Amino acid sequence: MSRISTWLITSSIQELITPQNSSSMASRVLVLASILIFSCFAETCYGAISFSSLQRTLLVTASHRQGLLKAGEDKITVRWGLNQSFPAGTDSSYKTIKVQLCYAPISQVDRAWRKTEDHLNKDKTCQFKIVKKPYINVNETLEWTIERDVPTATFFIRAYALDSDDHEVAYGQNTDAQKKTNLFEIQAITGRHVSLDIASVCFSAFSVVSLMGFFFMEKRKARKSQQ
Amino acid sequence: MDRRGPSIQHGVASVSGAVFARIAMGTACDLFGPRLASASLILLTAPAVYFTSIASSPISFLLVRFFTGFSLATFVSAQFWMSSMFSGPVVGTANGVAAGWGNLGGGATQLIMPLVFSLIRDIGAVKFTAWRIAFFIPALFQTLSAFAILIFGQDLPDGNYQRLQNSGNKQKDKFSRVFYHGITNYRGWILALTYGYCFGVELTVDNIIAEYFYDRFNLKLHTAGIIAASFGLANLVSRPAGGVLSDMMAKRFGMRGRLWALWAVQTLGGVFCIILGQVGSLTASIVVMIVFSVFVQAACGLTFGVVPFVSRRSLGVISGMTGGGGNVGAVLTQLIFFKGSKYSKETGITLMGIMIVCCTLPIFLIYFPQWGGMFCGPSLEKIATEEDYYLSEWSSKEQGKGLHQASLKFADNSRSERGRRVHSQTLSSNATPSANV
């Protein structure tokens, strides 16, 4: 894509340099301007959207019960909507809203697979989708049951507004810019079952008892062969 | 994955446990026989693997990992058992195959367990439960293999220790004497050091190579893991090849050939390690790593071509010391070269290669009076025999009681370590010394 735009730019510059009559000058400028705008879109088509280029136009809050939340059991009530202090028409390009559960900095320490990167297609901060639905210019609420495969960590909630090409154009989060306030902890399910516990204990006991059994049988055979 | 590497206390704790377990296992083999010693250890550590299924806190994970680690001392009993059942001309091959395929199992597990986990998860379990169920598979294998040892195995070609002891064919030995003769044999210490720089290096590389490829060449972690696994998978052929080479050299040149082959292969391993740290391209690194792995694992096989001949009475203790030396070498190397950011990984690898070459030099000092060493022939001052060497571990009082019969038989069998030229001469003279002193 960028190769096409580069070629267009160089060919149009060549045309600009060679002398032409003035009426075509205006059309040349128009072509160059449209090429520059086209290459900007080409950049976004490439997917290199950076988080720092997004505007924080959405307000997101999350409420939940006190204490450690349990995956698979507890619910979080998420509210999101456009921040009314922004001028009307800011949300004209918002077509979809995507609300995600994101790792707080404390849960990213020493874990490269959860790292925050400015380029959104490399960013690994938000790995769990809460909801993705068409955007409406109304404050929305959702009661979300925490999914079973969420690991034990500290989280916050972020909402991305996507345009018709599914690219992020704005965001909002329930914490501050340093991601230090309003964080909550989730405890993963253990996966343990009583049946597993019993099976482990039984098999372990069987191993040790069978060893004693073998020793006993050996002694008996030795005594028998001596008689 | 703690990328900062082991702390000093962590390293000391893990290595002391490992060394103690191996020497204890070696002594138990000398006293009770490898069949009972290894089966006992396997059945007593199987609960640790079963309990891994129900571990749910950092402490519990550490504990099950620690206790599972003790089961690795069955390496010592396996080598002891091979050395007892297979005669001199093939003992290197037997030890090499047993140990090589054992190490291979460690690498294969890393490929198989994720498949078992996926299978259980696809059958219907949630992934948090599926991995717990998956641990029952190796735990069951452990229990069943212990049963197989007890039902089908025997300690010696003649039978089991207990029956032989009851019928008077084998005497029960004393722990203090067995231990003393093991630790006072300087060859055991030298082999412990050199084994630290072949098997210890293998363990170190197992730990750091995936990270090395991930960091230096920006591979995906999954790809780096596959390359690292291929390092361990080479054990299928390279360690047995080391054992076979040891036996081939012994056939022609005797014990001197075994020592030369061990020194040469391990030093070449060190050279390729130095090269591995220096190459900069991915393809060259993979090729050099494979060559390096073949040499280092063959050196492990060659080491256990020499160990069975160092002592007869204290074979288990010597095997345990050598095995323990491997673990010490691994922890030492990781602490010196791969802890923190003092050296970059490639510098660490090069320095490790230099240390391999230096720590292999003590093989020059190993000398058997009846067979010679690397630079000296057999002792000419007095005509040293295999019997003199192996009977020196028994006092005259013990020999009077007839406790040394097994060592005598072994001494006779080990005459093949003189090599082809000398062996054919002794066969023709047919010397069989009397048992009484």
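Because the structure is a prediction, the values reported are computed rather than measured. Proteins come first, then strands; the chains are lettered A, B, ... in the order of their sequence lines, and each starts at number 1. Side-chain atoms are counted along with the backbone in the values below, which use heavy atoms only and exclude waters and symmetry mates.
Both the backbone and the side chain of B:Ser40 come within contact range of chain A, judged by heavy atoms closer than 4.5 Å. For B:Ala48, no part lies under 4.5 angstrom from a heavy atom of chain A. Heavy-atom distances place both the backbone and the side chain of A:Ala199 under 4.5 Å from chain B. Only the side chain of B:Leu140 comes within contact range of chain A, judged by heavy atoms closer than 4.5 Å. When heavy atoms are compared at a cutoff of 4.5 Å, B:Phe136 approaches chain A solely by way of its side chain, counted from C-beta outward.
Using a 3.5 Å distance cut-off with no hydrogens or angles, the side chains of A:Gln108 and A:Thr116 do pair a donor with an acceptor. With no hydrogens or angles considered, no side-chain donor-acceptor pair links A:Asp163 and A:Ser93 at under 3.5 Å.
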Tabulate below the donor-acceptor pairs under 3.5 Å that side-chain atoms of residues 181-190 of chain A make, not counting sequence neighbours, or state none.
unit_1, atom_1, unit_2, atom_2, d
A:Thr181, OG1, A:Asp176, N, 3.3
A:Asn182, ND2, A:Asn174, O, 3.0
A:Thr190, OG1, A:Arg192, N, 3.1

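Taking the side-chain contact (heavy atoms from CB on, under 4.5 Å) definition, one finds that A:Val131 meets it with A:Trp80, A:Val99, A:Lys133, A:Leu142, sequence neighbours left out. Residues meeting the salt bridge (Lys or Arg N to Asp or Glu O under 4.0 Å) test with B:Arg216, sequence neighbours left out: B:Glu346.
Between B:Glu211 and B:Phe338, the closest side-chain pair of non-hydrogen atoms is not below 4.5 Å. Proximity of A:Leu101 to A:Ile157: side-chain heavy atoms (C-beta onward) are separated by under 4.5 Å at one or more points.
Among B:Phe135, B:Phe51, B:Phe128, the residue making the largest number of heavy-atom pairs under 4.5 Å with chain A is B:Phe128. With respect to chain A, the highest number of heavy-atom pairs below 4.5 Å among B:Thr52, B:Val49, B:Leu150, B:Thr143 belongs to B:Leu150.
A salt bridge is absent between A:Lys98 and A:Asp166; no separation between the charged side-chain nitrogens and carboxylate oxygens falls under 4.0 Å.
Under a cut-off of 6.0 angstrom, the local environment of CZ in A:Arg148 is sparse, with at most 12 non-hydrogen atoms contributed by other residues, nucleotides or ligands.
Along residues 208-219 of chain A, the residues that come nearer than 4.5 angstrom to chain B, judged on non-hydrogen atoms, are A:Val208, A:Ser210, A:Leu211, A:Phe214, A:Phe215, A:Glu218, A:Lys219 in order of number.
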